[in-house]
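Given the structure is predicted, the values throughout are model-derived calculations rather than measurements.
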Amino acid sequence: MPARTQRVLLGLCVALAVSTPLCLYLGVRGFAPVAGIVGLLCLPLARPTREDVSGILILAALVIWAAISIAWSPASNLRVFNSAKAFSHFTIGHMALLLVLCPALITGLRRLDERSARKALSWIAYGVLAATPVVVGEGLTGIKLYPLLLALTHQQVRLDRLIADLAQGGYVVAVVAWPLGVALMRQGRPRLALVLMAFAPLSMLVLRGVAPTLALGVGLGSFLLVLRLGPRGAGVLALLTAAYLLAVPGVMLAVDHLQLYAQFKTALPPSWSDRLRIWSFVAEQLAGTFPRGAGLDASRTFPGLIPLHPHSAPLQVWYELGLPGAMLEICFWLWLWRRISDCARRDRLYGATAAATAMAYLSINAVSFGQWQAWWLAVGGLATALCVLLGKTLVPTEGAEGSPLRTRSGGSRR
């Protein structure tokens with residue numbers, strides 16, 4: 001690849017390294033425009049492979065089905081929101097944009113050579129590390145600086161949301177810590193890698209964000225499984241993922257039938273009690289919308305009962321997009337696990353890191369965010385790009401233009 005192209009891509013990685021700590025502290029929603037702009041600039045350099053196209057087509061089918069579902073979605077009625085914005089059309093718009101820009105980001109940065117990939121991972125890791133003392137310090141001091149900065153930008157300051165907003169950075173770090181941490185370990189910086197991994201539990205202690213620490217634990221188990229078993233471990237995780245996504249409606253209906261919310265609402269923390277209430281309510285709606293689903297953004301039409309989304313991405317897909325949407329989601333995850341299995345076949349450390357990243361993202365998806373939140377989808381694209389860059393440093397034999405993800409043959413190096 002021409003040296004000029006390498007410099008351009010490294011420049012984009014510098015932009016990611018600078019913007020990442022800002023987004024972690026000032027607002028994680030910034031990841032959507034950051035990933036979008038970098039993806040747009042990578043678009044002329046993107047070189048998707050056949051395997052890449054297979055995954056993109058699955059996601060394209062999901063976006064098309066979501067667009068079709070607007071026809072019967074109650075969210076297509078603007079009067080539901082008493083707002084000038086059509087939320088369903090906005091959602092389908094950013095879904096379509098990210099469908100183009102996230103693959104461009106991933107396949108564009110994949111063209112970096114081994115040396116440049118090492119630099120890029122180091123810079124982005126340092127960016128995340130730069131945010132750690134600031135976020136943790138805010139938690140320890142009762143969040144003094146953050147509301148002042150929001151006031152300077154003329155944003156409305158909601159005291160009841162400050163801790164939750166600041167804690168969202170821990171969710172992002174719980175996902176990206178795996179490729180960045182392994183990269184630091186490989187570069188002989190184990191202490192920095194441990195500090196990076198400690199971001200999630202520290203945020204839990206000072207900002208009460210439980211899900212990132214749980215995700216880190218799930219990721220660790222997945223990492224060790226694939227590191228030991230290689231592609232077979234990835235296959236086990238693929239089966240568990242598919243079984244979980246298939247079982248979501250049944251589990252939620254059981255929660256509703258057993259009236260678990262009524263039994264445990266006083267014993268659980270308020271946030272988890274609210275989750276259980278929301279899941280029970282959505283479970284009640286599933287039977288009436290099966291099999292086609294209630295339509296894109298239908299979860300938004302219960303403002304007094306569901307705050308924008310059900311806080312469970314798989315449940316949201318089942319409710320809004322029905323059986324077709326759920327099957328496409330499962331197909332995508334199975335496709336992704338096949339790619340991760342290929343990574344493990346080439347290099348077990350690579351496959352283990354990709355597996356940990358995927359499981360951390362999936363576990364947070366299960367209990368925290370909405371499926372269509374643009375910034376969270378962008379974080380998934382960014383985490384994938386970081387794993388691909390890590391693969392360039394662990395399996396450099398494919399050359400600057402290649403990717404370890406391309407080859408499905410060959411034995412494990414470990």
Self-check item: Check: Leu45 main-chain N/O paired with Arg111 side-chain donor or acceptor under 3.5 Å
Solution: yes
Practice problem: Over all heavy atoms of both residues, which pair between Ala355 and Ser222 is shortest? Give the atoms and the distance, please. | Solution: O-CB, 4.1 Å
Self-check item: side-chain contact (heavy atoms from CB on, under 4.5 Å) involving Ile106 - partner list, sequence neighbours excluded
Solution: Thr384, Ala385, Val388
Exercise. Would you check, one step at a time, whether the test side chain to side chain contact (heavy atoms under 4.5 Å, CB included) holds for Leu16 with Leu382?
Key: CA-CA 9 Å; Leu16 284 174; Leu382 176 61; 4.2 Å; yes
Self-check item: Val176 and Thr20: CA distance, side-chain angles, deciding distance, side chain to side chain contact (heavy atoms under 4.5 Å, CB included) verdict
Solution: CA-CA 11 Å; Val176 302; Thr20 295; over 6 Å; no
Self-check item: Ser73 (side chain) donor-acceptor with Leu296 (main chain) under 3.5 angstrom
Solution: yes
Quiz prompt | Spatial distance of atom CH2 (Trp333) from atom CD1 (Ile58) [nearest 0.5 Å] | solution = 12.5 Å
Quiz item: Got a salt bridge between Arg110 and Asp52, using NZ or NE/NH1/NH2 to carboxylate O under 4.0 Å?
Solution: yes
Quiz item: Taking atom NE2 of His309 and atom CD of Glu320, what is their separation to the nearest 0.5 Å?
Solution: 10.5 Å
Quiz item: Out of Val18, Val14, Leu180, which residue meets the side-chain contact (heavy atoms from CB on, under 4.5 Å) rule with Ile124?
Solution: Leu180
Self-check item: Any Gln373 side-chain heavy atom under 4.5 Å of Leu377 side chain
Solution: no
Self-check item: Arg47/Thr107 under side chain to side chain contact (heavy atoms under 4.5 Å, CB included): CA gap, chis, key distance, verdict
Solution: CA-CA 6 Å; Arg47 298 293 186 272; Thr107 60; 5.6 Å; no
Quiz prompt | Any donor-acceptor N/O pair, Ser312 side chain to Ala366 backbone, under 3.5 Å | solution = yes
Quiz item: Is there side-chain contact between Leu220 and Leu216, with at least one heavy-atom pair below 4.5 Å?
Solution: no
Quiz item: Which atom pair, heavy atoms only, marks the closest approach of Ala326 to Trp318?
Solution: CB-CE2, 3.4 Å
Exercise. Provide the closest heavy-atom pair for Ile92 versus Ala67 in the form atom of the first, atom of the second, distance.
Key: CD1-N, 3.5 Å
Quiz item: Got a donor-acceptor contact below 3.5 angstrom from the His94 side chain to the Ala32 backbone?
Solution: no
Quiz item: Between Gln6 and Arg115, is any pair of side-chain heavy atoms under 4.5 Å apart?
Solution: no
Exercise. Answer yes or no: is there a donor N or O on one side and an acceptor on the other, between the side chain of Thr289 and the main chain of Leu286, under 3.5 Å?
Key: yes
Quiz item: Between the side chain of Arg275 and the main-chain N/O of Ser368, is any donor-acceptor distance below 3.5 Å?
Solution: no
Practice problem: Over all heavy atoms of both residues, which pair between Gly169 and Leu24 is shortest? Give the atoms and the distance, please. | Solution: O-CD2, 3.6 Å
Exercise. Supply the atom-to-atom distance Asp113 CG to Thr5 OG1, rounded to the nearest 0.5 angstrom.
Key: 11.0 Å
Self-check item: From Glu114 atom CD to Leu389 atom CG, the distance as rounded to the nearest 0.5 Å
Solution: 12.0 Å
Exercise. Check ring-ring contact (aromatic ring centres under 6.0 Å, His included) between Phe369 and all other residues, then give those that pass, not counting sequence neighbours.
Key: Tyr171, Trp375, Trp376
Quiz item: If you look at every heavy atom in Pro103 and Ile56, which pair is closest and at what distance?
Solution: CB-CD1, 3.7 Å
Exercise. May I have all residue pairs that pass side-chain hydrogen bond (donor to acceptor under 3.5 Å, both in side chains) and include part of residues 55-69, sequence neighbours excluded?
Key: none
Exercise. Please lay out, stage by stage, how Leu109 and Cys13 fare under the test side chain to side chain contact (heavy atoms under 4.5 Å, CB included).
Key: CA-CA 8 Å; Leu109 293 184; Cys13 291; 3.9 Å; yes
Practice problem: Find out whether Arg186 and Val182 are in side-chain contact, i.e. whether some heavy atom of one side chain is under 4.5 Å from a heavy atom of the other. | Solution: yes
Self-check item: Donor-acceptor contact present, side-chain Thr357 to main-chain Thr353, <3.5 Å
Solution: yes
Quiz item: Do Gln316 and Ser299 get their side chains close enough for a donor-acceptor pair, meaning under 3.5 Å?
Solution: no
Quiz prompt | side-chain contact (heavy atoms from CB on, under 4.5 Å) partners for Leu129, two or more places apart | solution = Tyr126, Leu184, Leu192, Val195, Leu196
Quiz item: Does the side chain of Leu62 reach to within under 4.5 Å of the side chain of Phe332, using non-hydrogen atoms?
Solution: no
Practice problem: Measure the spacing between CG of Leu59 and CD1 of Ile64 and express it to the nearest 0.5 Å. | Solution: 11.0 Å
Practice problem: For residues Val173 and Pro212, determine if any side-chain heavy atom of one lies less than 4.5 Å from a side-chain heavy atom of the other. | Solution: no
Quiz item: With a 4.5 Å heavy-atom cut-off, do Asn365 and Gln371 have their side chains touching?
Solution: yes
Practice problem: Hey, could you give me each pair passing ring-ring contact (aromatic ring centres under 6.0 Å, His included) that has a residue in residues 173-196? Not counting sequence neighbours. | Solution: Trp178-Phe223
Quiz item: Is there side-chain contact between Leu276 and Phe281, with at least one heavy-atom pair below 4.5 Å?
Solution: no
Listed pairs under 3.5 Å, donor-acceptor, residues 228-255 side chains, sequence neighbours left out:
unit_1: Thr241; atom_1: OG1; unit_2: Leu237; atom_2: O; d: 2.8
unit_1: Thr241; atom_1: OG1; unit_2: Trp337; atom_2: NE1; d: 3.1

Practice problem: Would you name the heavy atoms of Leu99 and Ala60 that are closest together and state the gap between them? | Solution: CD2-CA, 3.7 Å
Quiz item: Between OG1 of Thr91 and CG of Asp297, what distance do you get to the nearest 0.5 Å?
Solution: 3.5 Å
